Every structure is written in C-alpha cells, then in structure tokens.
Amino acid sequence: MSHALTAKLNPQQAAAVELPAEHALILAGAGSGKTSVLTTRIAWLLSTGQISPSGLLAVTFTNKSAKEMLSRITAMLPLNPRGLWVGTFHGLCNRMLRLHHRDAGLPEAFAILDQSEQLGAIKRVLKFLGLDDDKYPPRAVQNYINGHKENGRRAGDVDAFDDYSRQLRLAYEEYEKQCNREGVADFSELLLRCYELLSHKPEIRQHYQQRFAHVLVDEFQDTNRLQYAWLKLLAGNNSAIFAVGDDDQSIYAFRGANVGNMVDFQTDFAVKHVIRLEQNYRSHGNILDAANAVISHNTQRLGKELWTQASAGEPIRVFEGASDFEEAQFIVEEAQTLIRDGMASSEIAILYRSNAQSRIIEHALFSAGVPYRVYGGLRFFERQEIKHALAYLRLIANPSDDNAFLRVVNFPTRGIGLKSVEAIVDRARLEGCSLWQAACAGASGRGAAALAKFVHMIEAMRNQADGLAMTDIVTMMLDLSGLLTHYQNDKEGEERVANLEELINAAATFISEDENNLIAFLSHASLEAGDHQAGAHEDALQLMTVHAAKGLEFHAVFLSGLEEGLFPHENSANDRLGLEEERRLMYVAITRARQRLYLSLAQSRMLHGQTRYGVASRFLDEIPQELLKYLNRGYAPSSYSSAAYVPPVASPKKTTPEHGLSIGMKVEHPKFGIGIVTDHEGGATGNVQVNFAQFGSKWLAVAYAKLKPV
DNA sequence: TCAAAACTGATTTTT
DNA sequence: TCAGTTTTGA
C-alpha cells in the first residue's frame, strides 16, 4: 500500500512521507512537490493504519489550499471529508470555539467580523472615547490591536509609557469590551480566543492533544507568533508536528508572519528530521539559475538550492521601454505572439509589484482586444448588497450585533435618520445595553413610528426564521427587509439583484454540504469571502500582483516594473529585512514561470499623477548576465551608456538650462555614482533630486553636488 | 437625503 | 492620476 502511494515520489519526497511519528521540518522549495508530499503523508498515515481520520489535524492559510488538500486526500482514499480536521487556522479555531463556546466565553451565535467590519467597530469605539481621528487614525488603531492580538497580548498585557500609548491601550480595552458585549469576534480574536481556551482549560487541551497524534502544517513560514503558540499547545507529548515550508518564499512579514518560527520550531521541539526538497519539477534551468542567483544575495536563510533535470531552456528575455506605455505595449504584443503560436492565454501571467501598475497594462490589453482577468477585486461576500443581506441574517441570529444593526437600521431608507440613530446609541450607552434592546424600548419624537416598524420587522423575521431551511430564510429576509425591492427599483441595481439571487443559491448549496444552520452559514460567509472575481476559469491572460501569484505557475510569465523604488519598493528598500523580503518576492515571481520568463522595465512611469524616472532594479543585476537576452537597444544593467538613451522631452517649466540639468537626465556623482534626475526646486541655486542606482533617491544642492551629465 | 465638491493619500493581504 | 471618503449645500 505504502509502496503504491510513494511510487511516484523522488527519494527525498518519499522519505518525508514515510517519516516516523516524530516532529519534522520539510524545507520545500518552489515547485518541489510540497502539496504532494503533505497529502501523500496524510494518505500514508491513514492507509497504513497508523491513525484514524479523527486523529489528525492539517492546517493551511487559505481556503483554496485547504480544499485542494481535501480533494487530493479523498482522491487517494475513500473518506468522508466532513470528519477530517483539515482547514485554515481561522476555520479550525472557529470550529473549536463553536464546540466549546461556553468555555470560551462566547455566545453560541457569535458573529465573525471581517477586516472592514472590525474597522467600523473600532471607529465606534474611538467616537465613544472621544479620540481624535487625526491623532488616532482608525487604521492605525486596528493595526495596533491586531498586532498585539497576534502576539498573544490582551489590552491588560500591553505596556503603555506615555499618554499616547495609554490612549491606544484604552481604545484596545474598550474595543474588547464592546466585542464581548455584542458577541462578536474579529479574525485575530478567533485565534487568540482558541489559544486561551486551550491554555486555560486543561481538560479540553488534553482532549485535543491526545486526539491529534499528527499535526500537519502547510506554508509554515507564514505563521505568526500566535499561530505557532497555538500549534505548540495543540501538540501534546504524543503528537508529531509535520511542518512544511520555504523560508525563501516568506513574503508576509508585513502582516505578522514570523519566519523565525522555523528556527524556533527546530529548537523548541528538538526536531530530528529536517528534509530538503530541492528538485524542481516546474521550471527550465535558466529560470531556476536566475532564481537561485537572486536569492543567494540574502543572508537570512536556512539554505537550499533548487535544481532540475529539465534542460536550460530559453534565455530570460529583458525589455526596457522608454515609458510605462511602451512597456505595456511590448507585453501585449509579445503575449499576442505567444497566443498566436498556440499558448493558452490562461497560461500567461503578467505580474507586478503593486496594483497601481495594472491600469496601464489593462488599458493596452483592452485596446488590443485581448481578454484578460485581474485578480484581487471585490469578492462575492464583500459586495455592498451582500453585506446588507448578511447583516439582516446576523440580526436574526443575534440581535445584539450592533454592527449589523447600524448597517441596516436605515437601509433601505425607512425614515430613521442620523438623529434617531444617535438617540438609540445614547440610550444604549446609558443603559449599558445593545442597540437592539434600546430600540425595542422605543423612541420618542418623529422617528418613533419608523423605529417601531423596524423592530417589528426584525422580530417578524426572527419568528419566521425558526425552523425554516437556509434558502427559505434568505428568501424571506430579502422579501421582508425590502432589500430586493429596493434594488429592483434601482435602475442600476440589476447586477445587485443578480448577486442577491446568487446568495440564495449559495445558501442552497451550503445546505447540501453542511447542516442546515444559519450560524454555520454566516461563519462560512465571513471566513470565505468567495472567489476573487466572476469568470475565474475562462481562457484569459492572468494579471495579478506577485503576492497573489504565490503558489501558482504559468508557461510564460511577464514580470513588469523592474525599477528601483518599485521593485524593490522604496518603502522596503531601506532596511535590510525589508530588502530581503523584496528579494524573496522576486524569487517567488521568477519561480512562477515554467518555460518563458520576461523581465521588463520602463525608463519613465506615471505614478501618483507625476512622471517618475526610474533606474533598473538591482535585482536585474543580481541575475547572471549570460542567462539574459536583451530584446531592445543596447541595454546594459544599471547603465544606459551603451544605448542611445534619449530622455523623454522634459516640460519646459521643469528644465534648468543654467547648469544643463533636466529631468530624466542621467548624471554621475563622485560619491553616489550613476543616477537619474527626477525633480528640482529653486533653479540654479536650488536643489535637484537624483535617483541613484546604488543609493536610492537623494536631494542635492546643485551648486555643490558636482553632477556631471553622462 | 442626496449629490456635488472638496479633500486625501497612495506597497504587498488572507482570514 | 484617481479612487475613495468626507464635507457641504440645496
């Protein structure tokens, strides 16, 4: 049996799959068959009878990979996926919290706040505390709260040393109180609550520790401190943790991921088995050589080098456009050629560092009539009309959900204006009750009748929902709330009506795969915001950020905007950790390509309404030149000297003929080397801004800088 | 209550 | 530049 499972694996992969029940770290390079190893390991453990399906827990970051894992396992073994504890960190924590909601101190129907709902809740807290929006931006407070939660700290555990930090802590404290009062949990709360549940309740902890003999973790390099601490609690003396990850693909430090967990894991658990998967099954040799060369410039590595049996393949093509427009033009024409030669459009990806870059490429694609698809837009459950509908459903499940109450109390408009709402808020605060309770107590003044009608309507929904099937609840809610009518009467509401109907479908399919349960449906809606865009699988060019491309692969990849300041991004290029993360991002980008890789850059680019003049990315220099083929002019890295580089016509207002410098001009500085003039102020006696290849952007005094045009 | 006007700020993002 | 938000005014 085991032989059949591992027959298709290479020796390292097979060794990983058949490791004894002890802690193990699998360093799996890009394209090395990581998911295969993880799922085959699970199948092997089950089919050799070492564990029963209930004895393992496998955790991932995204619903997509959780689903992928489940479907691969069930393809290998006849299993009921429902009984398996395979899911995302948040999904599994939610599952545990629902089972033990009493011990966790949560109401049975606790709602899950997504990012934007959390922000709304924080805004309310700040308003209540009378904290100034300018001094305490809600976004910053949100980061502050989530940051502390992700390090396992409650408001009471946070240090405050001055007035400002004391106010922040107060906001955190008040936010905690508000969430508890309303019976809601944000994303990081799911993890923290679950962590606290396991640490405070020994019986529960021991139950799960004994139950889960094998804990398997995917994308281990992306775990944050709290997730690691949770794993540590979950794994008892008899459990084995099987962690798979790639430190070179750690690109989420900015949102709390801690690569250090990989090193800590080895020491904390005295890991005996470290296996490297270095054989790559995805890319041609030149592409891998480029990736290896780039990543070797990082110092903080566990060490790994990809190799392949495939041939070197084609050289990596480099194109330098005079402008972002020209760059986009090139990409589109080249992609059309590939398609004409028989490559499927969906096998071609155009990647960029930041979303703002997609516009001009989209424009060029649109003009050329090439179908494309951009990842990263609004998702189904994030749409306005769906949010409204879900808010009604949440009031049915739990009327003290103030977020939901505020969202729909006057939507569709029913004459409960700002004043009436404020009166309810004041009253609730005074009585220490929920908005719903305050509303039930009735209002005085003009809004009273309208409010009574609203209360009556919600009560009717709650009464009718009892015992109904999920689809019928949704239909009834859409009818009673007037949401559907409202959008039907809106001349631009066609798509929204269609989406609401799609929500009914979602409820229907949900029933078939889970129990008929409003609470479960609402959790599902919060934890799985749905596909990134409609038409996900049509044959179209794929446009996305490098981050979004992680885990995907394509026949041909265009990596655009390889300029200093963009990639590496200027906000990250200044400290070493930031730069190393940018470099890992570059590594991820390169390793997406199977056969063909294009690297492109633009000498000038429109950014924030201004033309910026860039210098080639240092990452281009880090690729061995023999792997590259320059497609146009005599481009040479970080030096435009060999080419007839004609600076784009500078606007007359911005030229400074006195010293012969102009925007877009290439200059040399005795200390900083080669750079491009990007801005100036104050004429001949003033300053110029120069973007240097090695030292980044600097302001220099024209009179002293000794800038020589090159 | 709504629409126009003014203002702001701008990597990367899943759950 | 441009989209998203907040303020203003009818």
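Note that this is a predicted model, so its numbers are computed, not measured. The chains referred to below are lettered A, B, ... by the order of the sequence lines, with proteins before strands, and numbering in each begins at 1.
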- Query: With the threshold set at 4.0 Å, does a side-chain nitrogen-carboxylate oxygen contact exist between A/K149 and A/D186?
  - Reply: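 Result for this pair is yes, salt bridge flagged.
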
Show me, range against range, the stems involving DNA chain B, built from at least 3 consecutive Watson-Crick or G-U pairs below 3.5 Å.
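Detected stem regions: B:1-10 with C:1-10.
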
Look at all strands and tell whether A/F61 reaches a base, only sugar-phosphate, or nothing, counting heavy atoms closer than 4.0 Å.
->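 The answer is sugar-phosphate, as A/F61 gets under 4.0 Å only of primed atoms, P, OP1 or OP2.
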
Query raised in the report: If you look at every strand shown and take non-hydrogen atoms under 4.0 Å, does A/Q227 touch a base, only sugar-phosphate, or nothing?
Result: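 Here A/Q227 touches no strand at all.
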
Greater than 12 external heavy atoms within 6.0 Å of A/E494's CD |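 Check fails, neighbour count at 12 or below.
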
- Give a yes/no verdict on a cation-pi contact between A/R225 and A/Y228, requiring under 6.0 Å between NZ or CZ and the six-membered ring centre and an angle within 45° of the axis.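 Because its charged atom misses either the 6.0 Å distance or the 45° angle limit, A/R225 does not stack over A/Y228.
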
Does the side chain of [X] get closer than 4.0 angstrom to OP1 or OP2 of [N] through an N or O atom?
X	N	result
A/R379	B/dT15	yes
A/T545	B/dT13	yes
A/N224	B/dT14	no
A/N355	B/dT11	no

Grab the N/O contacts between the protein and nucleotides 1-8 of chain C below 3.5 Å, and write none if there aren't any.
from: C/dA3; atom 1: OP1; to: A/R359; atom 2: NH1; distance (Å): 3.2
from: C/dA3; atom 1: OP1; to: A/R359; atom 2: NH2; distance (Å): 3.4

| task | Take atom P in B/dT13 and the same atom in C/dG4, then report the distance between them in whole Å. | result |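 My reading of the P atoms in B/dT13 and C/dG4 gives 15 Å.
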
Q. Taking the same atom, P, in B/dT12 and in C/dT5, what whole-Å distance lies between them?
A.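 So the two P atoms sit 16 Å from each other.
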
(request) Just do the salt bridge (Lys or Arg N to Asp or Glu O under 4.0 Å) check on A/E622 and A/R618 with the steps written out, would you? (result) CA-CA 7 Å; A/E622 292 173 2; A/R618 69 192 78 185; 5.9 Å; no

Quick check for you: among B/dT11, B/dC2, B/dT13, whose closest atom lies nearest to any side-chain atom of A/T413?
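Of the options given, the side chain of A/T413 lies nearest B/dC2.
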
Taking the side chain as everything from C-beta on, heavy atoms only, tell me whether A/H547 gets closer than 4.5 Å to A/F254.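 With C-beta onward as the side chain, the pair touches.
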
Checking side-chain polar atoms at under 3.5 Å, does A/Q221 have a donor or acceptor matched by the opposite partner on A/Q249?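 No, no side-chain donor-acceptor contact under 3.5 Å.
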
Quiz prompt | Position toward the 5' end of DNA chain B (nearest nucleotide), A/T88 or A/N410 | solution =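 Nearer the 5' end of the strand: A/N410.
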
- Item | Base B/dT11 to side chain A/S572, donor-acceptor N/O within 3.5 Å cut-off |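 Answer yes: a donor N or O sits under 3.5 Å from an acceptor.
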
Centroid distance below 5.5 Å plus an interplanar angle below 30 degrees: do A/Y252 and B/dT13 meet both conditions?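 The base of B/dT13 is not stacked with A/Y252 (the test needs centres under 5.5 Å and planes under 30°).
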
- Task: Flag as yes if A/H569 stacks onto the base of B/dT11 (centroids under 5.5 Å, planes under 30°), otherwise no.
- Result: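 Stacked: centres under 5.5 Å apart, planes under 30°.
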
> Out of A/D222, A/T223, A/N224, which one pairs with A/N261 under the side chain to side chain donor-acceptor pair (under 3.5 Å) rule?
Replying inline: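 Exactly one candidate clears the test, A/T223.
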
Check: Residues two or more places apart in sequence or in another chain: which of them pass salt bridge (Lys or Arg N to Asp or Glu O under 4.0 Å) with A/K127?
Finding: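 None.
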
### Message
In terms of relative ring orientation, are A/H148 and A/Y172 parallel, tilted or perpendicular, with 30° and 60° separating the classes?
### Response
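Judged by the thresholds at 30° and 60°, the geometry between A/H148 and A/Y172 is parallel.
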
